[in-house]
Trainee: 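Sharing a structure below in structure tokens format, with a few things to ask.
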Amino acid sequence: MTTSANWPLLEADNVSVTFPVSGGLFTAKKRVHAVSNVTLSIAPGETLGLVGESGSGKSTLGRALLQLEHIADGEVRFDGQRVTHGLRSDVARLRQQTAMIFQDPFASLNPRQTIGESIAEVLRVHKKVARPAIAARVAELLTRVGLRPEQASVRPGQLSGGQCQRAGIARALAMEPRLIVADECVAALDVSIQGQIVNLLMELRETMGLAILFIAHDLSIVRRLCDRVAVMYLGRIVESGPSEAVFRSPRHPYTAALVAAIPEIDPDKTLPADPLGGEPPSPVAIPQGCAFHPRCPYAQVQCRTDAPPTRRHAEHVWSCVLMQAGDNAIFPLTGGYKDEAQAC
Ligand SMILES: Nc1ncnc2c1ncn2[C@@H]1O[C@H](COP(=O)(O)OP(=O)(O)O)[C@@H](O)[C@H]1O
Ligand code: SF4
Ligand SMILES: [Mg+2]
């Protein structure tokens, strides 16, 4: 891990985000609990992977951390300063020092602007360099992400998907960010191009000390790129820790199912849409007790009613009632606790 300081760059304490759901005329208004009580931190220069099935709340959390989503409860701190209901200057600093990269590189750039104009706009609006120096800085940023300075004059539609994502990264770098939230930023690209973009992110992390929240479906990329990983299920982080520990010894049955579903022979396999069978429950009606209990092969009677305890082994943290000891306690998907478990 390449940290330049010992304190977290970004911290979230018990952050929750909800959305109203439009109900029928006579039904009570309900809310989607997209993110529930999430606590996490990202150190300077660290890459944190965020994984989980579609709809588990990853994008909402990423946006909430950057104050792009209203936080119903909890607080976010950036560089030690509260930004949720914080001072305007602290929120402005967060906006100045963070950036987001999206899945669809074409949608994140204005199709009517040239790549150079898109990047120059950021430099101008945020007063990053003096006007006469803008063209040189645009050329420098394009080179930085592996594009040619002449490509400043082309429009997004004239670039390939990978080139366009590089241009999106150059635009994000124009902010001189300390933290980038990359939301499924390689998911729409061919596998070979994905590798190139991941290599670019790794290089930027090394050379610029960038912290990255890497939201992804592809567990093999997360394992390669990320120092730590957090696994989300129905708006909650159910397991987190150093990537190697989580991938080698998953402690939560949900993580174990995700990891077991990646065949060794196909390292590029993406997160399975249905790792455990059955639909994930709706975040409008989250099951009581452990939210995972309707799909958990190890569920016990108390899992239906009691919130699971938080367990810890060094930096590795997970929420599950089952006791596990030692480093090698990997959940097998069959056997193990299954015989002892009482089906719910
Ligand atoms: N603006 C919104 N309005 C209502 N519901 C939303 C909104 N954004 C996200 N959701 C809901 O919140 C949940 C989490 O969504 P999201 O954060 O996009 O998950 P992920 O990125 O893991 O796929 C989903 O049930 C989704 O439908
Ligand atoms: S708390 Fe119970 S239901 Fe939840 S993951 Fe652990 S065993 Fe399964
Ligand atoms: Mg998403």
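Just follow the structure's listing: the first ligand is 1, and inside any ligand the first atom is 1.
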Trainee: Counting only heavy atoms not in Gln158, do more than 12 sit closer than 6.0 Å to its CD atom?
Mentor: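 Yes, the 6.0 Å shell around CD holds more than 12 heavy atoms from other groups.
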Trainee: Give a yes/no answer: is there an N/O/S atom of Cys296 under 2.8 Å from atom 8 (Fe) of ligand 2?
Mentor: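 Of the N, O and S atoms in Cys296, at least one lies under 2.8 Å from atom 8 (Fe) of ligand 2, which means yes.
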Trainee: Looking at non-hydrogen atoms alone, which of Glu69, Lys58, Gln103 comes nearest to atom 22 (O) of ligand 1?
Mentor: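 Comparing heavy atoms across Glu69, Lys58, Gln103, the nearest one to atom 22 (O) of ligand 1 lies in Lys58.
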Trainee: Counting non-hydrogen protein atoms only, what is the nearest one to atom 4 (Fe) of ligand 2? Give residue, atom name and distance.
Mentor: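 For this ligand atom, the closest protein heavy atom is Cys290 SG, 2.4 Å.
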Trainee: Considering all protein heavy atoms, does one lie under 4.0 Å from atom 19 (O) of ligand 1?
Mentor: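 There is a protein heavy atom less than 4.0 Å from atom 19 (O) of ligand 1.
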Trainee: Do Arg251 and Trp318 meet the cation-pi criteria used here (NZ or CZ under 6.0 Å from the six-membered ring centre, within 45° of the axis)?
Mentor: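 Verdict for Trp318: a cation-pi partner in Arg251.
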Trainee: In a check of side-chain contact (heavy atoms from CB on, under 4.5 Å) between Ile115 and each of Leu141, Val138, Leu142, Asn110, which one passes?
Mentor: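 Result: among Leu141, Val138, Leu142, Asn110, Leu142 is the only option passing the side-chain contact (heavy atoms from CB on, under 4.5 Å) with Ile115.
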Trainee: Taking the Mg ion (ligand 3) as the center, what protein N, O or S atoms are found at less than 2.8 Å?
Mentor: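 Result, waters dropped: Ser59 OG.
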Trainee: Can a protein heavy atom be found under 4.0 Å away from atom 2 (C) of ligand 1?
Mentor: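 Flag for atom 2 (C) of ligand 1 set to true, protein heavy atom closer than 4.0 Å.
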Trainee: Of the protein's non-hydrogen atoms, which lies at the shortest distance from atom 1 (S) of ligand 2, and what is that distance?
Mentor: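 The protein heavy atom lying closest is Val321 N, 3.4 Å.
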Trainee: So between Ala256, Cys303, Gly289, whose heavy atom ends up nearest atom 2 (Fe) of ligand 2?
Mentor: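 Looking at heavy atoms only, Cys303 sits closest to atom 2 (Fe) of ligand 2.
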Trainee: Determine whether any heavy atom of Glu184 lies closer than 4.0 Å to an atom of ligand 1.
Mentor: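 Contact check Glu184 vs ligand 1: negative.
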Trainee: Looking only at distance, does Ala34 have an N or O less than 3.5 Å from an N or O of ligand 1?
Mentor: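 In fact, backbone or side chain, Ala34 has no N or O that close.
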Trainee: Would you mind checking which non-hydrogen protein atom is closest to atom 6 (Fe) of ligand 2, with the distance to 0.1 Å?
Mentor: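 I find the closest protein heavy atom is Cys320 SG, 2.3 Å.
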